[in-house]
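Numbered from 1 within each chain, the chains take letters A, B, ... in sequence-line order.
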2 protein chains.
Amino acid sequence: MSKSEISPNKPYDTVPSDERFHLSNRLLFRFFKTANCMHTAGTKWTSELKLTSQQWSVIGALARPGHEEGVSVNELSEFLLVSRQNVNGLLLRLEHHGISQRVPDPRDGRAKLVQLTPQGWVIWKQLINRISEFYDVALVNFTTEELVQFQHFIDKLQRNLGTI
Amino acid sequence: MSKSEISPNKPYDTVPSDERFHLSNRLLFRFFKTANCMHTAGTKWTSELKLTSQQWSVIGALARPGHEEGVSVNELSEFLLVSRQNVNGLLLRLEHHGISQRVPDPRDGRAKLVQLTPQGWVIWKQLINRISEFYDVALVNFTTEELVQFQHFIDKLQRNLGTI
DNA sequence: TATTTAATGTCAATATATTTACATATTTTT
DNA sequence: AAAAATATGTAAATATATTGACATTAAATA
């Protein structure tokens, strides 16, 4: 049952209103909205620590095993998939709260190593437990199999977007 | 195989490092990043129209069948799941480009009806085709069944977040 | 009818995110 | 060693998003 049979007067380049379009539209629109809700809910979840969900990501990236001695701004930018300039702004705010610091990279005079301060490590330990609770709420009623499947879809979408 | 059997010295409230946590962490982290990439890729996709992907949402909401005569800012805010203030900013930019306008609501002196201008309708017709191409790229290699399943997961996550 | 309550839109402050542009430091090349 | 190319970090302009505050209009209540 092709589209042209249904609406012969509406060619593809005028009104792409077939099922596939509506399905895609609904899916990606909700993906958008859900990501936004996740950010808002996450930020509310750790409001007592004065940390936004983006800041979770940065702190988590700095606390990764094997990266305790420091990470360059560029590495952070690539890991988080956001611009260097955005990372810089995030770091300025974290530094203002005494959570992270930048020290010169002994092996590259151009670069600086971003690392958690001792206070940052304390906050990380509180944060990771709070985040874990958040995950439990956000993903309650998902089986392990569903989580795997869900992530598989996200990764596929992400790869497709990477081609743009 | 409970966690306490694996690492008896690491109680839940210190290092929640079990499989479930890592799976959740990876999934939501990638969800975040993918949404961000989607915004960036989408905005690049319609850069020749000078429209960002958030503006797609607003224009699309104003072009919905049955809402051509206008929608209140509050309705827009609820539909898009973003704050009234954010909608206001988006509308200011759209109005600056002659795409939308606000007219007094004859049935409610407090409210204003947001509607597309004639030029806005012209742009919408160009936009919807470009968006359709974007969807095709973003969701290539997804079967219809997978799209349905994917959206089911997103909706479930969204509902869980709504409880926070 | 007068007062309170609620809905609506907007302003201001702040955080997140992008692109463009540029200064500085390090490599690489000549 | 000097010049060109590259990597890195920042600054500025703009868009998106939030919360808090507030003015105005409408609706509910006294």
**Request:** Say whether, by atom type as modelled, one donor and one acceptor occur between the side chain of A/W45 and the main chain of A/R130 under 3.5 angstrom.
**Result:** yes
**Request:** Kindly point out which of C/dT8, C/dC11, D/dG9 is positioned nearest to the side chain of B/N74?
**Result:** C/dT8
**Asked** Nearest to the side chain of A/R84, which nucleotide is it out of C/dT16, D/dA17, D/dT10?
**Response** D/dT10
**Request:** To the nearest Å, give me how far apart CD1 (A/I99) and P (C/dA15) are.
**Result:** 12 Å
**Prompt:** What nucleic acid atoms does B/L92 come within less than 4.0 Å of, heavy atoms only: base, sugar-phosphate, or nothing?
**Reply:** nothing
**Atom-pair distance (CH2 on B/W56; P on D/dT16), nearest Å** = 13 Å
**Message:** Rounding to an integer number of Å, can you tell me how far A/N88 CG sits from C/dT18 P?
**Reply:** 13 Å
**Asked** Looking at C/dG9, C/dA15, C/dT18, which one has an atom nearest to any side-chain atom of A/S83?
**Response** C/dT18
**Message:** Angle between ring planes, A/F153 versus B/F142, binned at 30° and 60°: parallel, tilted or perpendicular?
**Reply:** tilted
**Complete:** From CZ of A/F32 across to P of D/dA17 the rounded distance in Å is 8 Å
**Message:** Looking at C/dT18, I'd like to know if its phosphate oxygens (OP1 or OP2) sit under 4.0 Å from a side-chain N or O belonging to B/T43.
**Reply:** no
**Item:** Quiz item: cation-pi between B/K44 and B/F134, 6.0 Å / 45°
**Value:** no
**Prompt:** Can you check the B/R107 CZ to C/dA7 P distance for me, whole Å?
**Reply:** 18 Å
**Message:** When you measure from the centre of the six-membered ring of B/F31, is the NZ or CZ of B/R26 closer than 6.0 Å and no more than 45° off the axis?
**Reply:** no
**Request:** Return the value, rounded to whole Å, for the distance between atom CG of A/L76 and atom P of D/dT10.
**Result:** 12 Å
**Item:** Geometric cation-pi criterion B/R20 and A/Y135, 6.0 Å radius, 45° cone
**Value:** no
**Fill in**
The answer to which of B/H97 and B/V87 contacts DNA chain D further toward the 5' end, by nearest nucleotide, is B/H97
**Prompt:** Is there a donor and acceptor pair closer than 3.5 Å between the side chain of B/Q85 and the base of D/dT16?
**Reply:** no
**Message:** Rounded to whole Å, please give me the gap between CG in B/D105 and P in D/dT24.
**Reply:** 20 Å
**Message:** Less than 4.0 angstrom between a side-chain N/O of B/Q54 and OP1 or OP2 of D/dA17, yes or no?
**Reply:** yes
**Message:** In this structure, how many angstroms lie between the C1' atom of D/dA17 and the NE2 atom of B/H39, rounded?
**Reply:** 11 Å
**Request:** Answer yes or no: side-chain N or O of B/R93 and base N or O of D/dT14 forming a donor-acceptor pair under 3.5 Å.
**Result:** no
**B/K156 to A/F150 six-membered ring, cation-pi geometry met (6.0 Å, 45°)** = no
**Asked** A/V82 has a side chain; which of D/dG9, D/dT19, C/dT18 sits nearest to it?
**Response** C/dT18
**Message:** For a quick check of understanding: with a heavy-atom distance under 4.0 Å over all strands, which category does B/S72 fall into, base, sugar-phosphate or nothing?
**Reply:** sugar-phosphate
**Asked** Is the shortest side-chain N/O distance from B/K112 to OP1 or OP2 of D/dT25 below 4.0 Å?
**Response** no
**Prompt:** What is the nucleic acid contact for B/T40, judged by heavy atoms within less than 4.0 Å: base, sugar-phosphate only, or nothing?
**Reply:** sugar-phosphate
**Item:** Of the listed nucleotides D/dA26, C/dT10, C/dG9, the one nearest the side chain of B/R102
**Value:** C/dT10
**Asked** Quick one: on DNA chain C, does A/Q55 or B/E78 contact a more 5' nucleotide (nearest heavy atom)?
**Response** B/E78
**Message:** Counting the atoms with a prime plus P, OP1 and OP2 as sugar-phosphate, which does A/L91 contact under 4.0 Å by heavy atoms, base, sugar-phosphate, or nothing?
**Reply:** nothing
